[in-house]
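Throughout, numbering of the chain's residues begins at 1 and tracks the sequence. No experiment lies behind these values; they were computed from the predicted model shown.
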Amino acid sequence: MELANSAGTSPTEALLTLVRVSMERATYVDLVMKNALTKHVEDGGDPLDPPASVTKWFKDSRQERLTAGRLAKAAVDAGVMEILGRRLDLEGGLVADALTAALDVLALSGEDRMKA
């Protein structure tokens, strides 16, 4: 949260930026994996039996996607908290406005208004 505030952005926006970065990394890993598998097949390898080097990339891709999913969940949670905070502020303002309007209608003296 402090990092988001120091960057002049909301926690939700900061988390969404991290989701994008994680998905870009996953896309890169998938591209590397695809190119390695294509080369493996072109060199006569079996596409259903990828080399060990490609298997490592599978793990990296899966890990990046899991990270992106966790970050996305955190971004949603942060967005919900932001909206709830705004809603509470709005509702508090509405209650204060209603109370002020009700006291205005009663045309009470200053002292009686404070008591009310």
Side-chain angles (χ1 to χ4, degrees):
M1 180 115 87
E2 291 176 21
L3 181 61
N5 290 335
S6 69
T9 185
S10 74
T12 305
E13 291 168 343
L15 287 165
L16 288 173
T17 298
L18 293 174
V19 170
R20 283 187 208 97
V21 168
S22 188
M23 288 308 299
E24 288 169 0
R25 286 179 181 162
T27 301
Y28 170 76
V29 169
D30 289 350
L31 179 63
V32 169
M33 196 169 42
K34 178 184 174 208
N35 288 341
L37 192 55
T38 299
K39 184 174 181 332
H40 170 72
V41 171
E42 287 173 353
D43 292 344
D46 183 357
L48 300 177
D49 185 23
S53 62
V54 173
T55 306
K56 176 213 175 291
W57 289 104
F58 278 119
K59 287 174 83 175
D60 289 348
S61 175
R62 187 177 310 114
Q63 188 59 44
E64 280 301 330
R65 290 175 192 284
L66 287 171
T67 300
R70 282 192 297 270
L71 288 167
K73 169 74 168 93
V76 168
D77 291 346
V80 167
M81 294 306 291
E82 238 180 281
I83 290 169
L84 285 175
R86 284 191 216 144
R87 180 178 172 184
L88 288 173
D89 289 345
L90 177 63
E91 287 174 352
L94 290 172
V95 168
D97 290 346
L99 182 58
T100 300
L103 291 173
D104 289 346
V105 168
L106 295 175
L108 300 172
S109 69
E111 189 176 308
D112 289 340
R113 186 180 178 104
M114 290 304 290
K115 286 180 187 176

Inset, instruction - Identify, with sequence neighbours excluded, every residue that meets side-chain contact (heavy atoms from CB on, under 4.5 Å) alongside Glu42. - result: Thr38
Contacts under 3.5 angstrom, residues 66-74 side chains, donor-acceptor by atom type, not counting sequence neighbours:
from, atom 1, to, atom 2, distance (Å)
Thr67, OG1, Gln63, O, 2.9
Lys73, NZ, Asp77, OD1, 2.9
Lys73, NZ, Asp77, OD2, 3.0

Inset, instruction - Using the test side chain to side chain donor-acceptor pair (under 3.5 Å), find all partners of Asp49 that sit at least two apart in sequence or belong to another chain. - result: none
Inset, instruction - Among residues two or more places apart or on two chains, list those pairs meeting salt bridge (charged side-chain N to carboxylate O under 4.0 Å, His left out) that have a residue in residues 22-37. - result: Asp30-Arg65
When the side chains of residues 88-105 are checked against the rest of the protein, which donor-acceptor pairs come out under 3.5 Å, sequence neighbours left out?
from, atom 1, to, atom 2, distance (Å)
Glu91, OE2, Arg87, NE, 2.8
Glu91, OE2, Arg87, NH2, 3.4
Thr100, OG1, Ala96, O, 2.9
Asp104, OD1, Arg113, NH1, 2.8
Asp104, OD1, Arg113, NH2, 2.8

Legend entry - Main-chain N/O of Asp46 paired with His40 side-chain donor or acceptor, under 3.5 Å: yes
Inset, instruction - State, yes or no, whether a side-chain contact exists between Glu64 and Asp60 at a heavy-atom distance under 4.5 Å. - result: no
Legend entry - Closest non-hydrogen atom pair between Ala78 and Leu15, with its separation: CB-CD1, 4.1 Å
Inset, instruction - Please round to the nearest 0.5 Å and tell me the distance separating atom CG of Asp43 and atom NZ of Lys39. - result: 4.0 Å
Inset, instruction - Report the hydrophobic cluster partners of Trp57, with the cluster defined as I, L, V, M, F, W, Y residues connected by side-chain heavy atoms closer than 4.5 angstrom, directly or transitively. - result: Tyr28, Val29, Val32, Met33, Val54, Phe58
Inset, instruction - Treat each ILVMFWY residue as a node, draw an edge where side-chain heavy atoms are under 4.5 Å apart, and state whether Leu16 and Leu18 are in one component. - result: no
Legend entry - Rounded distance [0.5 Å steps], OG in Ser53 versus CG in Leu37: 9.5 Å
